[in-house]
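Accompanying notes for the structure given below.
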Amino acid sequence: TTDLGGFRSWAWDFDGDAVIDSTAQNPGWVYTVAGSYSVSLTVTDASHPAATTTRTDHITVFVPGDECATAIPLQGYGSVNGSTVGAWASWPSVSCALPGPDVWYSFVAPNTGIVEVNTCTGTTHDSVLGVMDGSLGCGSPLELACNDDSCGLQSRLAFAATLGVTYYIRVGGANNATGPFTLTVLAPGAFSTVSPGCGGTTLTSVIYGGTAGGPVWLPALSLIFLVP
C-alpha cells in the first residue's frame, strides 16, 4: 500500500470456500483433509478500496503414507484402519490390477515365517494389496506378492518374511476405487490356509522390479503466513 498508515485489516480464506478463516495479520492454519486449496487475502487501508489476491491451488495436502518415502510404520502384527480417499496412485503400480490411489505402510518382520496380509474385513471399496521388499529402501523396492479380489472385492496374500527385514505394504484401489479400509497383518502360525471363499488354497506371488520414490508428502500441513 502507498497509504502512510499501512494496512488496516486482513481477511484470509485458506480453503477457497469464500468464508473468511482469519483476520489476523500473520495467521496460522492447519489443513486436516487431503486436497489442493486456493488461498485468498483481502486487505484494506485508509485510502483505497479493498484489494484481494488469490493464489489458485496454492497449497496441496497429501494423505499420510501417500508414497513410499512416508510409509506409515506398523507396530508388529495386528490391524489398523486407514483410507485411500485423497491419495494419489504411486509408480510403479502393483502388477495384479490397474493403478489406483494407494497408501503405504512399513513393516519390520518380528520373526521369520509366512506372513498373511489382508483387507477382508472393514474395507468398503475394491481393494488391492501389494508387498514390496524394502531392504534396499524406497529407491528400488521389489514386489514380492500382489493380490486383487481374494475376499469378494477385497484382497488377501501371503509372503515369506525374514526377521528384521523391512517390507512395504501397499493398500490400493482397483480402477481408481477409494475408501476406508482395515489392514490386517497375521503372524506365522496365526492362520492355517486360505479358505475357498478367499481365493482358494493357493496364493501366487508375482515378482516385479521397479523404482519408486519421489517428493516427501505430509500428513497435515501447518502454515504460518507472514504479511509485511
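- Checking side-chain atoms of Y77 against main-chain N and O of V115 turns up no donor-acceptor pair under 3.5 Å.
- Using a distance-only test at 3.5 Å, with no hydrogens or angles considered, no donor-acceptor pair links the side chain of N111 to the main chain of G113.
- Counted by atom type alone, W29 and S22 present zero donor-acceptor pairs between their side chains at under 3.5 Å.
- Between F107 and F159, the ring-plane angle classifies as perpendicular under the 30° and 60° cut-offs.
- The hydrophobic cluster containing V94, built from Ile/Leu/Val/Met/Phe/Trp/Tyr side-chain heavy atoms closer than 4.5 Å, also comprises V128.
- Criterion: ILVMFWY side-chain heavy atoms under 4.5 Å apart, direct or through other members. Under it, W104 and L136 are not part of a common hydrophobic cluster.
- Under the 3.5 Å distance criterion, with hydrogens and angles disregarded, no donor-acceptor pair is assigned to the side chains of S40 and T52.
- Residues H125 and G179 come closest through the heavy atom pair CE1-O, 3.3 Å.
- Under a hydrophobic-cluster definition in which Ile, Leu, Val, Met, Phe, Trp and Tyr are linked whenever side-chain heavy atoms come within less than 4.5 Å, directly or via other members, V85 and Y37 are assigned to different clusters.
- In the hydrophobic clustering of this structure, I59 groups with W10; members are Ile, Leu, Val, Met, Phe, Trp, Tyr whose side-chain heavy atoms approach within less than 4.5 Å, directly or through other members.
- The line from SG of C146 to CE of M132 is 9.0 Å long, rounded to the nearest 0.5 Å.
- Side-chain contact check for S135 and D133: at least one donor-acceptor pair (N or O, by modelled atom type) lies under 3.5 Å.
- The backbone N or O of F14 sits less than 3.5 Å from a side-chain atom of D21, completing a donor-acceptor pair.
- With rounding to the nearest 0.5 Å, the separation of CG in N118 from CG in N147 is 10.0 Å.
- Listed for the S36 side chain is no donor-acceptor partner under 3.5 Å among the backbone atoms of T60.
- Between A87 and V103, the closest heavy-atom pair is CB-CG2, 4.3 Å.
- In terms of modelled atom types and a separation under 3.5 Å, the side chain of W12 and the main chain of A24 share a donor-acceptor contact.
- From L186, atom CG reaches atom CD1 of I114 across 13.0 Å, with rounding to the nearest 0.5 Å.
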List the steps, then state whether side chain to side chain donor-acceptor pair (under 3.5 Å) holds for S9 with T44.
CA-CA 5 Å; S9 69; T44 62; 2.3 Å; yes
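- Rounded to the nearest 0.5 angstrom, N176 CG and T84 OG1 are separated by 10.0 Å.
- Smallest separation of non-hydrogen atoms from S155 and L129: O-CD1, 3.6 Å.
- Contact between P101 and A177 at its shortest, heavy atoms only, is CD-O, 4.3 Å.
- Within the structure, salt bridge (charged side-chain N to carboxylate O under 4.0 Å, His left out) pairs that include any residue of residues 84-112 comprise D102-R170 (at least two apart or interchain).
- Formation of a donor-acceptor pair under 3.5 Å by the D13 side chain with backbone atoms of A18 is found in this model.
- Considering SG of C120 and CZ of R156, their distance stands at 5.5 Å, rounded to 0.5 Å.
- The shortest non-hydrogen separation linking C138 to A69 is SG-N, 3.6 Å.
- Tracing side-chain contacts under 4.5 Å through hydrophobic residues (I, L, V, M, F, W, Y), one never reaches I20 starting from F7; they form parts of separate clusters.
- S127 and T119 are linked by a side-chain donor-acceptor pair at a separation below 3.5 angstrom, with hydrogens and angles left out of the test.
- Clustering ILVMFWY residues whenever any of their side-chain heavy atoms sit less than 4.5 angstrom apart, transitively, puts V108 in a cluster other than the one holding Y168.
- The closest donor-acceptor contact from the side chain of D148 to the backbone of A97 lies at 3.5 Å or more, if one exists at all.
- Expressed to the nearest 0.5 Å, how far OG1 of T123 lies from CG of L183 amounts to 8.0 Å.
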Just do the side chain to side chain contact (heavy atoms under 4.5 Å, CB included) check on V80 and L74 with the steps written out, would you?
CA-CA 8 Å; V80 295; L74 293 174; 3.8 Å; yes
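- Annotation for V117 and V131: closest pair CG2-CG2, 4.4 Å, computed over non-hydrogen atoms.
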